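The structure appears below as structure tokens.
In this text the structure is predicted, and so the values were computed from the model without any measurement. Values below: every heavy atom of this structure, side chains too, minus hydrogens, waters and symmetry copies. Chain A is the first sequence line, chain B the second, and so forth, proteins listed ahead of strands; every chain is numbered from 1.
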Amino acid sequence: MSTAPGVNDFALKLANVNGTGSASANGLLMQSIFRMGVPVSGKNLFPSNIQGLPTWYEIRVNGAGHTARSLEYHLMVAMNAQTYAQDVASVASGGYVLYDSSWPLDDDLIREDVNYLGVPLAAMCREHFTKNRERILMKNVAYAGALVALLDIDLDIVSTLLAETFAKNEALRESNQRALRLGYDVARENFPCPLPFRVEARGENQDSILVDGNTAIALGCLYAGATVVGWYPITPATAVMDNFIALCKRYRRVEVAPGEWENNYCVIQAEDEIAAIGMVLGASWAGARAFTSTAGPGISLMNELLGLAYYTEIPAVVVDVQRVGPSTGMPTRTQQGDLLACAYASHGDTRHIIVIPADPHEAFEFAVAAFDLAERFQTPVFVLSDLDIGMNDWIVPSLTWDDSFVPNRGRVLHDEDLANMREFFRYAHEDDDHVTARTLPGSDEKGAYFIRGSGHDRFGRYTEESGAYLQVVDRLRAKHASAAHHVPAPLEVRRPGSRVGLVTMGSCDRAVREAIELLAEQGVDCDYLRVRAFPFADSIRDFVDSHESCFVIEQNRDAQLKSLLTVELSLTPASMTSILDYGGFPLSASTVVEAVLAHQEVH
Amino acid sequence: MSTAPGVNDFALKLANVNGTGSASANGLLMQSIFRMGVPVSGKNLFPSNIQGLPTWYEIRVNGAGHTARSLEYHLMVAMNAQTYAQDVASVASGGYVLYDSSWPLDDDLIREDVNYLGVPLAAMCREHFTKNRERILMKNVAYAGALVALLDIDLDIVSTLLAETFAKNEALRESNQRALRLGYDVARENFPCPLPFRVEARGENQDSILVDGNTAIALGCLYAGATVVGWYPITPATAVMDNFIALCKRYRRVEVAPGEWENNYCVIQAEDEIAAIGMVLGASWAGARAFTSTAGPGISLMNELLGLAYYTEIPAVVVDVQRVGPSTGMPTRTQQGDLLACAYASHGDTRHIIVIPADPHEAFEFAVAAFDLAERFQTPVFVLSDLDIGMNDWIVPSLTWDDSFVPNRGRVLHDEDLANMREFFRYAHEDDDHVTARTLPGSDEKGAYFIRGSGHDRFGRYTEESGAYLQVVDRLRAKHASAAHHVPAPLEVRRPGSRVGLVTMGSCDRAVREAIELLAEQGVDCDYLRVRAFPFADSIRDFVDSHESCFVIEQNRDAQLKSLLTVELSLTPASMTSILDYGGFPLSASTVVEAVLAHQEVH
Amino acid sequence: MPSIAKPRIPLAPLAHNDLGLTIRDYEGAMSTLCAGCGHDSVTAAISLAFFELSIRPRDIAKLSGIGCSSKTPTYFINGAHGFNSAHGRMAAIATGAIAAQRGLHYIGVSGDGDSLSIGLGHLSHAIRRNVDMTYIIENNGVYGLTKGQVSPSADVGSRPKKGDPNVVPPIDPMELGLALGATFLARGFSGDKDQLVPLIKAAVAHRGFALLDVISPCVSFNDHEGSTKSYRFFREHEVHEIETDFVPQRAEIRSKISSDSARAVTMHDGSVMYFRALPEGYNPTDRVSVEAYLAERKAMGEVPTGLLFLREGAPDLHDMSGTVSRPLADLDLADLCPGNDALQRLQESFR
Amino acid sequence: MPSIAKPRIPLAPLAHNDLGLTIRDYEGAMSTLCAGCGHDSVTAAISLAFFELSIRPRDIAKLSGIGCSSKTPTYFINGAHGFNSAHGRMAAIATGAIAAQRGLHYIGVSGDGDSLSIGLGHLSHAIRRNVDMTYIIENNGVYGLTKGQVSPSADVGSRPKKGDPNVVPPIDPMELGLALGATFLARGFSGDKDQLVPLIKAAVAHRGFALLDVISPCVSFNDHEGSTKSYRFFREHEVHEIETDFVPQRAEIRSKISSDSARAVTMHDGSVMYFRALPEGYNPTDRVSVEAYLAERKAMGEVPTGLLFLREGAPDLHDMSGTVSRPLADLDLADLCPGNDALQRLQESFR
Ligand SMILES: Cc1ncc(C[n+]2csc(CCOP(=O)(O)OP(=O)(O)O)c2C)c(N)n1
Ligand SMILES: Cc1ncc(C[n+]2csc(CCOP(=O)(O)OP(=O)(O)O)c2C)c(N)n1
Ligand code: SF4
Ligand code: SF4
Ligand SMILES: [Mg+2]
Ligand SMILES: [Mg+2]
């Protein structure tokens with residue numbers, strides 16, 4: 001499926017050593033292209049390490065808006081001698097390798113079908129900068145400068161960005177601008193600029209922003225009114241909290257006396273994930289909107305208390321930024337391997353609500369929705385994100401907030417309500433969604449009850465009687481089923497006459513949509529359905545039933561989405577074929593296209 | 001489905017207050033009937049409390065060998081005034097109520113269709129015994145005596161049992177015998193003894209024993225050669241360890257010098273379940289056979305380390321004596337609600353081996369098998385028992401041990417093996433079951449490696465490369481699939497011409513088998529398949545496919561077995577109908593019969 | 001229950017407190033613990049302390065983990081909200097609740113197993129965070145609810161009903177608290193209500209984490225005479241069948257601890273504990289001297305009781321977090337949501 | 001790696017030990033930690049200590065949790081089996097391994113986050129059980145691997161690279177150990193190998209749980225000058241982009257701790273720590289005086305180093321458990337299985 005690169009249609013990969021400051025230079029390039037109004041994406045493939053190991057950054061420029069990961073690289077910036085061999089090998093035939101020519105390249109790194117662009121970056125920086133730190137850092141900006149020239153990126157935009165970034169530090173601003181220019185000039189002087197593939201300004205990104213999912217989720221939690229957080233650091237979820245705290249500092253401080261500020265939030269770095277979810281339960285029980293964010297290992301540890309929350313009906317929002325499992329796995333690689341672990345978390349009969357955003361925009365909206373769902377259904381709600389969404393910058397439509405939004409705090413009885421009641425029973429008088437009313441600590445004595453994870457009846461009293469126990473757990477099952485009508489509905493895109501259906505979830509979205517276009521070019525028309533929540537809508541069953549063949553595309557080994565669909569919608573397993581991609585990198589369209597075509601051929 | 005009781009065909013229920021010594025008297029009755037050679041079962045329905053709450057004991061006598069729980073009680077021993085009303089109400093029409101007539105019965109407890117047998121137990125014991133403690137205790141033995149007379153239980157056998165029990169305490173022996181006789185005599189004098197339903201000696205139980213599953217599992221672990229245990233107390237699993245420790249004291253002490261004894265085992269009461277499984281992993285890594293036992297909440301807590309064991313391929317045996325969930329649930333009630341939690345325990349793509357015994361006999365055998373499987377497949381193995389199996393006494397065939405048994409310690413390389421190798425790589429050179437060889441700490445330097453829960457390649461080295469990661473996790477999936485050929489096969493019983501199949505697991509066994517006989521009487525012939533392990537054998541698919549309708553009978557709300565079968569064997573969900581019984585009590589045949597007939601009528 | 005008459009929690013005469021409430025307003029459900037269990041005495045002392053403090057039931061929140069001790073919040077102050085949570089997790093859950101709703105008095109009740117085994121991490125970190133609550137450990141040296149295994153507070157040599165004598169050195173919550181910078185440490189005895197009630201009141205009054213270690217005997221799993229290590233299937237034993245399911249009614253142990261000399265109290269198992277109230281002039285604010293005193297008394301086999309250590313004025317969780325004085329749970333979205341304008345402005349930096 | 005030359009772990013000249021091995025036999029894989037990380041110095045000290053002790057690599061087992069510190073067992077003694085386990089669980093896993101295979105020398109390496117946050121319970125109970133192992137906390141006051149959050153050992157007021165200064169009082173593992181009855185407590189500094197190597201050797205020699213707290217600076221998350229609290233999307237900040245992904249190469253901090261006065265050592269973040277070796281005549285066997293001394297020095301802002309506390313002869317896990325001297329993992333089924341006759345006899349009691 002190799003295609004020739006062209007104007008606004010190519011991909012580059014930058015190979016660096018982590019901890020050397022390359023991420024900023026790479027981000028600078030990607031953001032500049034964004035500002036030129038051209039669809040672009042950046043994928044940071046970094047190691048679970050602080051300094052000294054290989055790290056890559058991939059930039060894909062695609063005027064048609066396909067910003068899923070591409071597996072073809074037309075230009076490689078090879079800045080890491082450790083990985084020279086594999087980096088050179090991975091350039092598409094006819095492509096380019098930009099390398100630091102301060103040292104000669106080994107002979108065996110020379111490929112006949114590839115063009116080499118040697119820039120003496122280290123030497124240049126040694127010459128132009130004096131401090132050791134600057135010499136290392138500026139190499140990155142210098143290669144960025146060369147790329148600006150080679151790819152026809154708007155130099156003014158890059159300059160402006162640098163100026164904004166270093167607005168408060170003149171020295172740094174100046175040396176960055178100098179390094180940029182150095183690289184730019186050396187490229188213009190030595191290479192045919194621009195290359196055949198290049199960037200051409202468009203007007204595309206006007207209503208878009210460039211944001212990562214962890215930031216977006218933090219924003220969602222801020223806007224939803226979350227006040228209490230218990231959390232424990234873990235890659236790739238940590239930045240949700242870094243961002244949430246930073247946002248709170250900006251928007252949630254109250255001046256209680258002149259110059260005296262207090263916080264409208266309380267973020268507690270817990271001793272572990274069990275404590276983190278424990279704090280969330282305590283806070284939610286007490287009536288606050290509370291959440292935690294974690295990754296797989298944290299979900300495993302939270303299992304017991306998630307069951308407690310389910311059974312006692314306490315709201316909780318848990319953000320799971322998935323990484324590669326099992327166990328510690330690959331903490332800086334992406335996967336969708338926690339779906340089952342979240343759906344049925346905890347021993348005994350338990351089932352939870354999950355919302356599954358596809359990109360940072362949805363991540364923001366679903367984070368807000370999660371709090372409403374949690375309080376409406378008085379139960380844990382997972383926001384199932386992943387490392388690709390969470391830690392990469394995505395172009396998404398700008399976020400908007402409806403200032404008339406009224407949160408759904410669910411059925412909570414306050415003193416006024418209690419005053420009109422003869423007696424309050426925690427788990428009695430369910431509504432149409434099988435939800436019963438709760439009271440909050442501090443409310444009138446009439447509303448006081450003793451919440452417990454042990455067997456209880458509809459009055460909230462301890463019980464070991466079958467009938468009384470069944471009443472409660474059967475209602476819980478019905479309540480969960482009801483939630484299917486309130487969670488984000490699946491997203492369907494149909495093409496007339498399609499007999500093939502592609503079902504997917506989360507961050508696979510863009511790759512699958514691109515695949516649909518590529519498949520159409522090959523004469524295979526496909527409909528698209530993206531599952532956006534659990535419990536599942538019945539329309540998913542209809543979708544599967546109404547297609548001759550259905551593919552379920554997901555990023556885990558065990559076909560977790562397909563399994564969950566099978567069980568929960570009573571689908572015939574044979575009606576779906578899995579496409580599984582779980583090596584730890586964001587999905588690309590070609591993987592899907594190849595799998596679908598291969599299957600079509602066989603059948 | 002009410003049937004008249006008869007000789008060797010009836011059930012009684014004894015209602016007591018817990019902590020008053022009734023369990024011994026009830027056990028005495030049940031054991032005496034066993035010694036009379038008549039099939040019998042005893043189900044202890046006790047509260048999660050130490051003293052003062054209602055507790056029940058049910059004895060079912062059935063000459064045909066049906067010892068599942070019966071829902072019809074022909075005789076009620078009502079010793080708990082707190083529950084008089086419900087106890088009297090639950091006696092079958094025409095049945096009997098034996099109560100303590102030291103106090104008069106309330107009028108509203110009088111049912112026209114029931115016979116009352118008043119025995120002034122408290123008064124008698126006050127008269128005949130002086131110590132307070134004895135007066136309470138002996139009431140129990142006295143009602144046992146009355147029942148001996150009423151049910152024609154062999155008094156000699158009961159006496160002998162008492163004599164054995166109190167062999168070393170003459171005073172207690174004497175007072176017990178006296179109390180027994182008191183009750184016996186008062187019944188003979190006042191009531192028509194025996195009742196129409198009664199016990200008649202048979203020769204049935206010769207090759208059988210009376211044992212609970214927790215004891216049997218402890219025995220299995222002892223015989224399998226387990227040496228290290230990490231555990232944390234939890235009902236109903238605690239007795240596994242009580243028994244294991246007691247057995248070790250008896251069989252595993254070595255006299256190292258005259259009068260100086262040392263232990264061939266090390267049992268550590270851990271600080272929590274996470275530590276317990278951690279200790280098991282440490283010990284297994286170091287080469288010992290190690291296990292832990294727990295219940296649902298412990299499984300939830302162990303999730304993270306179970307994933308570590310799965311991914312690093314460390315053997316571990318985990319006994320889960322299931323109780324009612326979710327959360328703390330009903331710790332003294334039975335359920336089969338942890339199947340899914342065990343099958344896929346931990347985040348990411350994980351899948352474990354599970355063996356599912358139906359009774360204490362299998363519990364013994366499967367416990368032994370679990371160690372072989374764990375070491376053979378280098379992975380956690382769950383022994384999925386439940387409270388009914390674990391804490392009730394069952395009549396099962398006597399246990400035997402093949403002294404020529406050689407444990408399967410799996411692929412372990414010792415110094416000799418290493419000496420012949422050029423290099424050792426932990427996860428390379430898989431065998432036909434996709435298992436690779438391991439070495440143990442302390443072995444030659446050549447065999448040393450660094451085990452890790454983070455991404456690793458087939459050499460055991462840290463990796464973040466897709467290909468290297470995939471090689472290992474794909475092999476893990478294949479290895480798990482291979483285990484299907486080594487775990488206990490499903491048990492099938494076919495009746496010629498049956499078009500209905502009943503699929504079940506674990507302690508549902510006896511009730512389902514009884515149901516099959518009852519259904520046959522109603523003209524519905526059913527085949528039987530009992531799932532005894534996960535991963536599943538393909539023959540289960542064949543069984544389901546070859547029946548017009550299949551029922552999956554299990555004790556949880558969410559049809560966990562049916563779900564797992566559907567997903568793992570790619571079955572059509574519609575090909576199976578669930579029969580779910582999850583109120584916390586052992587299954588009875590009538591529940592199954594009614595459900596099957598109701599379904600047959602509709603279809 | 002005909003066979004065992006459960007004593008109602010003993011009550012003071014029906015006096016009224018400053019709110020006009022009687023002790024009945026501070027009662028809970030009927031206890032289902034064993035007759036004579038020390039925990040019931042602690043329950044009564046808690047009721048009395050809050051009654052005497054004239055705190056409205058609705059202004060109290062009670063939390064616990066899992067265990068016999070953790071059942072007890074059902075048995076006091078019906079009008080207070082309660083949370084019987086999971087084994088060992090109460091400290092973390094209470095921390096979250098307190099972060100959300102600072103307007104209440106929080107009392108946590110736990111056991112020595114719940115707090116010092118599975119919950120040790122959470123307890124320790126709640127101490128560090130100086131979470132504003134009263135945390136009572138009803139300390140009986142055993143896991144009562146799971147039938148008598150030794151707990152981490154069991155002394156070396158103490159013999160559980162089943163199993164071998166304990167060999168692992170105990171954790172003394174007071175020493176632990178000192179090492180972790182606790183701000184309020186006190187020890188009481190369930191049998192000495194005169195001392196216990198004021199200690200609870202002091203703990204409630206303390207701003208920050210008040211850790212109260214209450215020795216509270218378990219009648220059921222400390223009442224064995226001699227060895228009962230044999231098991232059902234051995235049958236060499238004597239009265240095992242009966243011992244496992246017979247719980248004798250025991251009287252509660254009561255003893256007033258005088259301040260001048262150590263008082264010997266005979267426990268249900270026949271063992272003797274020596275309680276000593278703190279001497280006159282004891283300085284609970286000097287950690288080094290407190291540590292020395294505890295060590296000295298421990299060497300004598302005595303258990304000092306009273307307010308052992310106090311540091312007032314230390315920042316609590318809210319001080320550390322800089323939270324507003326209005327409870328976070330009481331804030332509305334209007335107080336919390338920056339609105340669309342702010343969102344649009346913020347997004348300028350996302351371009 | 002052209003841009004960052006990673007120093008190999010510094011080595012002693014190629015002397016031979018009693019086994020005829022050189023220090024190379026005690027080396028591990030190349031470190032992937034940041035240049036200048038204190039942990040690399042501890043790694044070197046461990047290699048050297050075992051080399052000097054002339055212990056065969058195969059007789060060593062090395063365990064760790066998760067964190068930068070927990071990566072280090074890969075970097076020493078290739079010939080020893082190693083277990084890089086899960087975050088906070090190493091103490092429990094080591095306990096099981098030691099129960100199974102008592103024939104080895106066990107060394108556990110952990111971080112302050114690994115040990116004092118998530119792993120606090122397991123560490124504490126391993127101390128109580130006096131599990132026979134050397135347990136090193138590479139203590140840097142931060143979570144290195146997750147990029148610099150404060151850990152429970154961070155001092156009040158210490159400022160992480162991101163986020164606010166720490167406000168929660170720290171846990172001092174030495175004070176904790178004293179409260180829990182530890183039998184060996186020592187503190188070293190990664191920059192003083194002369195003191196550290198003997199401490200490690202003493203810890204290995206100790207029978208029981210030897211807790212070694214090693215101050216080990218993190219160059220990456222303590223090197224910020226001034227405030228860096230702003231975030232990417234605010235863009236009001238200065239050099240945030242670069243700070244998050246640029247790790248300067250730092251020289252390792254080295255300082256020899258003399259025994260006569262406290263020595264000031266400037267850390268990477270510019271802060272100064274005062275290390276003090278124990279004075280002559282210091283009595284590490286008297287807990288009360290040790291506690292007093294630690295408190296006194298703490299008040300002076302000093303960090304005492306050396307063998308702080310020692311109790312020899314206390315029973316270890318195996319003594320407490322009465323296990324045979326032959327490692328349990330080495331026993332065969334023949335040693336363990338009572339056989340069919342015994343089973344049949346036993347079942348007489350099941351009838
Ligand atoms: C996760 C988990 N593990 C184990 C248990 C079983 N369990 C219930 S109470 C208890 C110990 C209680 O001991 P303690 O806290 O001292 O309370 P006590 O009963 O002595 O008052 C245990 C182990 C549980 N409920 N949950
Ligand atoms: C269950 C779990 N939670 C969180 C993490 C993420 N994590 C990895 S290392 C670490 C902290 C390490 O800090 P420390 O032990 O002090 O080691 P250092 O890196 O400072 O040497 C955390 C929180 C994890 N791996 N597992
Ligand atoms: S078992 Fe012990 S702690 Fe539990 S209620 Fe009975 S006496 Fe109290
Ligand atoms: S981040 Fe800190 S602790 Fe981790 S390797 Fe770098 S310097 Fe060491
Ligand atoms: Mg206790
Ligand atoms: Mg650290």
Side-chain angles (χ1 to χ4, degrees), chain B residues 34-35 205 209-211 219 222-225 227-228 230 251-252 254 256 261-268 270-272 274-275 278-288 290 304-305 308 398-403 405-407 439-445 448-454 462, chain D residues 25 29 56-59 61-63 66 73-74 78-87 89-101 103-104 121-122 124-125 129 317-318 321-325 327-333 335-344 346-347 350-351:
Chain B
F34 167 79
R35 288 204 179 175
N205 299 327
I209 53 170
L210 198 59
V211 69
L219 262 170
L222 180 83
Y223 272 73
T227 51
V228 180
Y251 296 110
R252 285 279 191 79
V254 216
V256 288
W261 295 81
E262 284 177 356
N263 300 332
N264 258 343
Y265 65 94
C266 184
V267 177
I268 308 174
E271 56 273 23
D272 58 24
I274 300 180
M279 290 169 189
V280 170
L281 297 193
S284 293
W285 169 64
E304 192 199 9
L305 289 188
L308 174 71
S398 301
L399 310 176
T400 52
W401 182 256
D402 175 0
D403 284 325
F405 172 80
V406 178
T439 53
L440 303 179
S443 60
D444 187 87
E445 279 84 357
Y449 71 104
F450 198 58
I451 197 168
R452 43 167 64 85
S454 45
Y462 183 82
Chain D
D25 297 307
R56 290 194 304 176
R58 66 180 293 171
D59 293 334
K62 46 189 192 177
L63 294 102
I66 297 286
T74 346
N78 262 334
H81 272 254
F83 195 154
N84 185 191
S85 68
H87 194 35
R89 313 303 170 194
M90 182 263 282
I93 291 172
T95 300
I98 292 162
Q101 179 48 272
L104 305 176
H122 307 308
S124 300
H125 286 274
R129 294 188 189 103
L317 174 72
H318 284 290
S321 313
T323 30
V324 288
S325 49
L328 294 173
D330 294 350
L331 302 178
D332 292 323
L333 192 64
D335 305 317
L336 301 169
C337 178
N340 190 46
D341 283 353
L343 186 60
Q344 299 313 318
L346 176 67
Q347 287 179 98
F350 296 174
R351 290 198 170 103

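- There is no contact between D332(D) and chain B, counting heavy-atom distances below 4.5 Å.
- Using a distance-only test at 3.5 Å, with no hydrogens or angles considered, no donor-acceptor pair links the side chain of R351(D) to the main chain of R35(B).
- For a residue to count as touching a neighbouring chain, one of its non-hydrogen atoms must lie under 4.5 Å from one of that chain's; by this rule A94(D) does not touch chain B.
- Taking each heavy atom of I268(B) and A99(D) in turn, the nearest pair found is CD1-CB, 4.1 Å.
- Checked by atom type and distance alone, the side chain of H81(D) pairs as donor or acceptor with a backbone atom of L440(B) at under 3.5 Å.
- For the options F450(B), W261(B), W401(B), heavy-atom pairs under 4.5 Å to chain D are most numerous at F450(B).
- When each of D335(D), D59(D), L331(D) is scored by its heavy-atom pairs under 4.5 Å with chain B, the top score falls to L331(D).
- If you measure heavy-atom distances from S284(B) to chain D, you find no contacts under 4.5 Å at all.
- The part of Y265(B) that comes within reach of chain D is its backbone (N, CA, C, O), which places non-hydrogen atoms under 4.5 angstrom from that chain.
- When G322(D), S321(D), P57(D) are compared by the number of non-hydrogen pairs under 4.5 Å with chain B, G322(D) comes out ahead.
- Nearest heavy-atom pair across A286(B) and A100(D) is CB-CB, 4.0 Å.
- Between the Q344(D) side chain and the L399(B) main chain, a donor and an acceptor come within less than 3.5 Å of each other.
- Contact of V254(B) with chain D is made through the side chain alone, with heavy-atom distances under 4.5 Å.
- The part of L219(B) that comes within reach of chain D is its side chain, from C-beta onward, which places non-hydrogen atoms under 4.5 angstrom from that chain.
- Listed here is the closest heavy atom pair of A288(B) and A329(D): N-CB, 3.7 Å.
- Within the 4.5 angstrom heavy-atom criterion, atoms from both the backbone and the side chain of Y223(B) approach chain D.
- For chain B, the option among H122(D), K62(D), H87(D) with the highest count of heavy-atom pairs below 4.5 Å is H122(D).
- The minimum heavy-atom distance between F34(B) and F350(D), with the atom names listed, is CE2-O, 4.1 Å.
- Both the backbone and the side chain of L343(D) come within less than 4.5 Å of a heavy atom in chain B.
- Within the 4.5 Å cutoff, the side chain of F405(B) has heavy atoms near those of the L333(D) side chain.
- Considering only heavy-atom pairs separated by less than 4.5 Å from chain B, the leading option among L104(D), D341(D), T74(D), T95(D) is T74(D).
- The part of L317(D) that comes within reach of chain B is its side chain, from C-beta onward, which places non-hydrogen atoms under 4.5 angstrom from that chain.
- For D444(B), the salt bridge (Lys or Arg N to Asp or Glu O under 4.0 Å) criterion is met by R58(D), not counting sequence neighbours.
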Please evaluate residues Y251(B) and L346(D) with respect to the criterion side-chain contact (heavy atoms from CB on, under 4.5 Å), reporting the C-alpha separation (whole Å), side-chain torsions for both, the decisive distance (0.1 Å), and the verdict. CA-CA 11 Å; Y251(B) 296 110; L346(D) 176 67; 3.5 Å; yes
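- For R452(B), the salt bridge (Lys or Arg N to Asp or Glu O under 4.0 Å) criterion is met by no residue, not counting sequence neighbours.
- With a 4.5 Å cut-off on non-hydrogen atoms, A290(B) does not touch chain D at all.
- Counting only heavy atoms from C-beta outward, the side chains of E262(B) and H318(D) never approach each other to under 4.5 Å.
- Of all the listed residues (V228(B), V256(B), V267(B), D402(B)), the one sharing the greatest number of non-hydrogen pairs under 4.5 Å with chain D is V228(B).
- Of the two parts of E304(B), only the side chain, counted from C-beta on, holds a non-hydrogen atom closer than 4.5 Å to a non-hydrogen atom of chain D.
- If you measure heavy-atom distances from D272(B) to chain D, the contacts under 4.5 Å come from the side chain alone.
- Contact check for S85(D) versus L308(B): side-chain heavy atoms found under the 4.5 Å cut-off.
- For the set S124(D), P73(D), G339(D), the count of heavy-atom pairs under 4.5 angstrom toward chain B peaks at G339(D).
- Between chain D and the options V406(B), D403(B), L281(B), heavy-atom pairs under 4.5 Å are most frequent for D403(B).
- In this structure, chain D has heavy atoms under 4.5 Å from both the backbone and the side chain of L222(B).
- In this structure, chain B has a heavy atom under 4.5 Å from the side chain of L63(D), while its backbone stays farther away.
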